[in-house]
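Structure first, then comments.
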Amino acid sequence: MTIKFRAITALAAVLGLGTLLHAAPVHADSVHIAGETTTYYTLSTHYGLSVEELMNANPQISALNIYPGLKFMIPGDVQAKTAAVANTTAAAVETADAAAPSFKVQSASNTVQAWGKEFNYDKVLQVKASAYSSAASENGKWGAVDYFGNSLKLGTIAVDPSVIPLGTKVLVTGYTHPGLPKEAFVATATDMGSAIKGNRIDIFIPGSQSFVADFGYQYVHLYIIQ
């Protein structure tokens, strides 16, 4: 199989026949880079897989936290439909990081828009935020899980339940860090911490401890969404 694929690749390079590569199957654990309109449904339609299969292959990605540049694992062997589709996907990958994020607040109607999705919100809080990683030194004897025993993932935040009840969904905005979606992301209050008191949150960010530590302390806005 390896020899055959290399032969096809070499032939394409010599003859300039890009369509030979575009038509080749993408094998297990291939990656799809999300664009502005990517959803589990559009991925399902494109790759001929069920939404459930895709969600099971990407348990760390919430349907509410899909944004340009996010990497999806595509399970199984999938066939690119046409060279044109493959070229369009490649173009989307190249422009994903440059895509302008969409974030708009309509205070008159108590709605906020982020990444093409609209949310109704009850109120807005300004809180001091820090960030934590999955490192053992930051998570105590229970390991990298939240208060309910769920694995830490993008969208997990630790809160003071007397200010933000556990289970509350919020749209977080006003931060800067390369490990978080640009402009905004949806989070759920599922964790607590001894140092998280009052108007404070701790944001879980996937990555190394040093990478996450670059977040420091930032004042962010939380839109309490319904």
Side-chain angles (χ1 to χ4, degrees), residues 31-36 38-39 58-73 92-105 112-117 119 121 124-140 143-147 150-160 163-164 166 168-225:
V31 176
H32 180 101
I33 309 298
E36 282 197 89
T38 299
T39 65
N58 298 275
Q60 77 285 7
I61 301 177
S62 165
L64 295 175
N65 275 334
I66 297 175
Y67 54 91
L70 192 62
K71 295 180 180 180
F72 282 88
M73 301 305 294
V93 170
E94 293 174 0
T95 59
D97 289 336
S102 173
F103 179 76
K104 184 184 298 184
V105 179
V112 59
Q113 295 178 351
W115 302 116
K117 305 176 182 71
F119 306 92
Y121 68 90
V124 185
L125 294 176
Q126 184 182 54
V127 300
K128 185 178 181 180
S130 53
Y132 66 115
S133 71
S134 58
S137 60
E138 296 184 59
N139 293 281
V145 296
D146 63 18
Y147 177 78
N150 302 308
S151 297
L152 298 176
K153 61 183 179 181
L154 176 64
T156 298
I157 58 171
V159 300
D160 179 345
V163 177
I164 303 172
L166 290 174
T168 301
K169 287 190 178 296
V170 300
L171 188 69
V172 186
T173 187
Y175 56 82
T176 57
H177 191 277
L180 293 172
K182 295 178 182 178
E183 290 289 347
F185 70 97
V186 174
T188 306
T190 59
D191 208 0
M192 298 188 295
S194 58
I196 309 303
K197 302 297 181 185
N199 277 32
R200 283 275 283 112
I201 66 169
D202 208 11
I203 301 171
F204 172 73
I205 299 178
S208 69
Q209 195 169 14
S210 59
F211 173 71
V212 175
D214 287 341
F215 185 92
Y217 289 100
Q218 301 181 35
Y219 283 92
V220 303
H221 287 90
L222 304 182
Y223 291 82
I224 310 300
I225 60 178

Would a distance-only check, ignoring hydrogens and angles, find a side-chain to backbone donor-acceptor pair under 3.5 Å from [X] to [Y]?
| X | Y | result |
| --- | --- | --- |
| Asp191 | Ile157 | no |
| Gln218 | Thr176 | yes |
| Asp160 | Gly198 | yes |
| Asn58 | Met73 | yes |
| Ser130 | Tyr217 | no |

Taking atom [atom1] of [X] and atom [atom2] of [Y], what is their separation to the nearest 0.5 Å?
| X | Y | atom1 | atom2 | answer |
| --- | --- | --- | --- | --- |
| Lys197 | Lys128 | NZ | NZ | 15.5 Å |
| Gln209 | Asp214 | CD | CG | 11.5 Å |
| Gln60 | Lys153 | CD | NZ | 9.5 Å |

Measure the shortest side-chain to side-chain distance between [X] and [Y] over non-hydrogen atoms and say whether it is less than 4.5 angstrom.
| X | Y | result |
| --- | --- | --- |
| Ile203 | Ile205 | yes |
| Phe204 | Thr190 | no |
| Asp146 | Leu152 | yes |
| Tyr121 | Ile224 | no |
| Pro181 | Leu154 | yes |
| Tyr147 | Leu166 | yes |
| Val170 | Leu125 | no |

Which residues pass the side-chain hydrogen bond (donor to acceptor under 3.5 Å, both in side chains) test with Ser133, sequence neighbours left out?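 Scan of Ser133 (side-chain hydrogen bond (donor to acceptor under 3.5 Å, both in side chains), adjacent residues dropped) gives Glu138.
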Partner of Leu222 under side chain to side chain contact (heavy atoms under 4.5 Å, CB included), picked from Ile164, Asn199, Thr168, is Ile164
Test ring-ring contact (aromatic ring centres under 6.0 Å, His included) applied to His221 - qualifying residues, sequence neighbours left out: none
Phe185: which residues meet the ring-ring contact (aromatic ring centres under 6.0 Å, His included) condition with it, sequence neighbours left out? Tyr175
Lys117 NZ: over 12 foreign heavy atoms closer than 6.0 Å: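 For Lys117, atom NZ is crowded (more than 12 foreign heavy atoms under 6.0 Å).
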Where [X] and [Y] come nearest, the two heavy atoms and their spacing:
| X | Y | value |
| --- | --- | --- |
| Ser134 | Asn139 | C-ND2, 3.4 Å |
| Ala158 | Ile196 | O-CG2, 3.7 Å |
| Leu171 | Ala114 | CD2-CB, 4.2 Å |
| Ile66 | Ala34 | CG2-CB, 4.3 Å |

Can you classify the ring geometry of His177 versus Phe215 as parallel (below 30°), tilted (30 to 60°) or perpendicular (above 60°)?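 Aromatic pair His177/Phe215 classed tilted.
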Could you walk me through whether Val220 and Ile201 pass side-chain contact (heavy atoms from CB on, under 4.5 Å), step by step? CA-CA 9 Å; Val220 303; Ile201 66 169; 4.1 Å; yes
